[in-house]
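One structure is given below, encoded as structure tokens.
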Amino acid sequence: MEKILVIGAGGQLGTELTKALANKYGSDAVIASDFQESVRSKFEYCSFRTLNVMDREAAATLIKEEQITQIYHLAAILSASGEKNPIQAWDLNMGGLLSVLELSKEHNIKKIFWPSSIAVFGPDTPKVNTTQDAFKNPTTVYGISKLAGEHWCEYYFNKYGVDVRSLRYPGLIGYKSMAGGGTTDYAVDIFHKAVNQENFSCFLQEDTYLPMMYMEDAVNATIQLMEAPAAAIKIRTSYNISGMSFSPKEIYDCIKMHVPNFKISYAPDFRQQIADSWPKSIDDTAAKLDWGWKANYDLTKMTGEILTKLPVYFNYQKK
Ligand code: NAD
Ligand code: SER
């Protein structure tokens, strides 16, 4: 039987991915873990263990005790928070990954998933339909750590046969969890303001296009990649995947079709410079060819679904 450990399960992605894994493989097959004990209540449907990924001994004990066969390692400090605490971001993003790779080698873990990001690209990368192998000169500590991490994954695969797989997620947008310290967070926050009939102040300029993806597509892509036969995974750094591309003005206009009184203003801050260094849209031909990836959601479909489901999920009262 598979035993899947999700590290950093309490965050924006883990909240939804862990549930999808439990639905697919059964609750007994999934162990959620996070260093924040406070997120335990999200995981009533499966086991939860408190784990700091930097505590290698504790992670090794958990892997042995629970006879873990697969690891999804999600714990990281994202782009905007990383710029405030660069050394801490490097320590967690690199130290956590190296620890998971080393433990996977030692304990013969069958498969590992580790997310990379569009942040591996930089200001000199071609911005439109950015290709898999486009030039990369990341300028954030987050992007530098993801680019180095991709190469460590490839190294462990080539040198030790560790079956580690990875996706370069665009900005992820879901309605079941809040975003945690990234540059694309505005595209999650905007929905909460809209359904609560509050004005929204956006920290990016209105014409800042970024690659984005609905959470359901991201979760499906992840499980599809992990289910694919090993021989189909030809890229062992990380795959580009694409969902949609829009600017703050475009998502605002789309929401306004459903919430006509919704108001937005723009107050760009330090995150503008990060956004300006990233691609506007992504080419994901390799993911399509190698393991059959295809996104299901565009901006219109995602917006309609979030505006319907978010108020019910958070039990927001109509104003
Ligand atoms: P998040 O910040 O919402 O969640 C991270 C989780 O990791 C949190 O629950 C946190 O408590 C936990 N964590 C932090 N330090 C830890 C430690 N030392 N030990 C164990 N747990 C720890 O992040 P997210 O948005 O869910 O992102 C998950 C992964 O996906 C990250 O690797 C991120 O880089 C990647 N990613 C996310 C996006 C996005 O838009 N959300 C885009 C690209 C890549
Ligand atoms: N959404 C992430 C961020 O903004 C990109 O990896 O940091």
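Keep in mind it's a predicted model, so treat the numbers as computed, not measured. All ligand and atom numbering here is 1-based and tracks the order in the structure.
Comparing heavy-atom distances from atom 40 (O) of ligand 1 across Asp185, Leu172, Val6 singles out Leu172 as nearest. Comparing heavy-atom distances from atom 5 (C) of ligand 2 across Gly82, Ser117, Ala187, Ala76 singles out Ser117 as nearest.
The pair Glu150-Arg236 fails the salt-bridge criterion, with no side-chain N (NZ, NE, NH1 or NH2) lying under 4.0 Å from an Asp/Glu carboxylate O. The pair Lys110-Glu2 meets the salt-bridge criterion, with a side-chain N (NZ, NE, NH1 or NH2) lying under 4.0 Å from an Asp/Glu carboxylate O. At a threshold of 4.0 Å, the pair Arg56-Glu106 counts as salt-bridged, since one of the basic side-chain nitrogens sits closer than that to a carboxylate oxygen. Ion pair Lys301/Glu305 not flagged as a salt bridge, since none of the NZ, NE, NH1 or NH2 atoms sits closer than 4.0 Å to an Asp/Glu carboxylate oxygen. Between Glu66 and Arg49 a salt bridge is recorded (basic side-chain N to carboxylate O distance below 4.0 Å).
Figure legend: cation-pi geometry between Lys263 and Phe200 absent, as NZ or CZ is not positioned both under 6.0 Å from the six-membered ring centre and within 45° of its axis. The side-chain tip of Lys136 does not point at the ring of Phe121 from less than 6.0 angstrom away and within 45° of straight on.
Hydrophobic cluster membership is shared by Val195 and Phe191, with clusters built from Ile, Leu, Val, Met, Phe, Trp and Tyr side chains linked at under 4.5 angstrom. Under a hydrophobic clustering in which Ile, Leu, Val, Met, Phe, Trp and Tyr are joined whenever their side-chain heavy atoms come within less than 4.5 Å, directly or via other members, Val39 and Ile31 fall into different clusters. The hydrophobic cluster containing Ile63 also contains Val164, counting ILVMFWY residues as joined when their side-chain heavy atoms lie under 4.5 angstrom apart, directly or transitively.
Only backbone heavy atoms of Leu51 (N, CA, C or O) come within less than 4.0 Å of ligand 1; its side chain stays farther off. With a 4.0 Å heavy-atom cut-off, ligand 1 is reached by the side chain of Gln36 but not by its N, CA, C or O. At a 4.0 Å heavy-atom cut-off, ligand 2 touches Trp278 through the side chain alone. The part of Ser116 lying near ligand 1 is the backbone, judged by heavy-atom distances below 4.0 Å. With a 4.0 Å heavy-atom cut-off, ligand 1 is reached by no atom of Ser33. If you look at Ser79 next to ligand 2, the close heavy atoms, those under 4.0 Å, come from the backbone and the side chain alike. Proximity of Leu92 to ligand 1, defined as any heavy-atom pair under 4.0 Å, is confined to the side chain (atoms from C-beta onward).
Distance from atom 34 (O) of ligand 1 to its nearest protein heavy atom, with residue and atom name: Tyr142 OH, 2.6 Å. Atom 2 (O) of ligand 1 has its closest protein heavy atom at Gly180 O, 3.6 Å. The protein heavy atom nearest to atom 4 (O) of ligand 1 is Gly11 CA, 3.2 Å. Distance from atom 10 (C) of ligand 1 to its nearest protein heavy atom, with residue and atom name: Asp34 OD1, 3.5 Å. For atom 42 (C) of ligand 1, the closest heavy atom belonging to the protein is Pro170 O, 3.3 Å. What sits closest to atom 43 (C) of ligand 1 on the protein, heavy atoms only, is Tyr169 CB, 3.3 Å. Residue, atom and distance of the protein heavy atom nearest to atom 16 (C) of ligand 1 are Phe35 CD2, 3.6 Å. Ranking protein heavy atoms by distance to atom 27 (O) of ligand 1, first place goes to Leu78 CD1, 4.1 Å.
For ligand 2, the atoms closer than 4.0 angstrom to any heavy atom of Thr183 are 3 (C), 4 (O), 7 (O). When each atom of ligand 1 is checked for a heavy atom of Asn52 under 4.0 Å away, the hits are 17 (C), 18 (N), 19 (N). Residue contact check: Pro115 has heavy atoms under 4.0 Å from atoms 29 (C), 30 (O), 32 (O), 35 (C) of ligand 1. Taking a cut-off of under 4.0 Å to the non-hydrogen atoms of Gly10, the atoms of ligand 1 that pass are 9 (O).
Taking distance alone, with nitrogen or oxygen atoms compared against 3.5 Å, Thr184 approaches ligand 2 more closely than that limit. Considering backbone and side-chain N/O atoms, Ala76 never comes within less than 3.5 Å of an N/O atom of ligand 1. Taking only nitrogen or oxygen atoms, main chain and side chain alike, Tyr142 reaches within less than 3.5 Å of ligand 2. Geometrically, ligand 1 and Ile7 share no nitrogen or oxygen pair separated by less than 3.5 Å. Taking any N or O of Gln12, backbone or side chain, at least one lies under 3.5 Å from an N or O belonging to ligand 1. At least one N/O-N/O distance between Leu13 and ligand 1 falls below 3.5 Å.
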- [ ] Please report the C-alpha distance between Tyr252 and Glu206 in whole Å, then the side-chain angles of each, then the deciding distance to 0.1 Å, and finally whether the side chain to side chain donor-acceptor pair (under 3.5 Å) criterion is met.
- [x] CA-CA 9 Å; Tyr252 167 69; Glu206 64 174 357; over 6 Å; no
Open item on the list: The test is side chain to side chain donor-acceptor pair (under 3.5 Å); show your working for Asp283 and Thr285 and say whether it passes.
Closed with: CA-CA 6 Å; Asp283 175 279; Thr285 305; 2.9 Å; yes
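Defined by atom type and a distance below 3.5 Å, a donor-acceptor pair is missing between the side-chain atoms of Asn93 and Tyr142. Using modelled atom types, one finds no donor on one side chain facing an acceptor on the other under 3.5 Å when comparing Glu83 with Thr140. Donor-acceptor pairing under 3.5 Å is lacking for the side chains of Asn240 and Asp284.
In this structure, Lys146 has a heavy atom closer than 4.0 Å to ligand 1. For the ligand labelled ligand 1, residue Gly171 lies inside the 4.0 Å heavy-atom shell. Proximity of Trp114 to ligand 1 is not established, as no heavy-atom distance is less than 4.0 Å. Ligand 1 lies out of reach of Val39, whose nearest heavy atom is not under 4.0 Å from it.
Contact between Leu204 and Ala275 at its shortest, heavy atoms only, is CD2-CB, 3.9 Å.
Ring orientation note: the planes of Phe314 and His192 are nearly perpendicular, at an angle over 60° on the 30°/60° scale.
Taking the six-membered ring where the residue is Trp, the centroids of Tyr239 and Trp291 are separated by under 6.0 Å.
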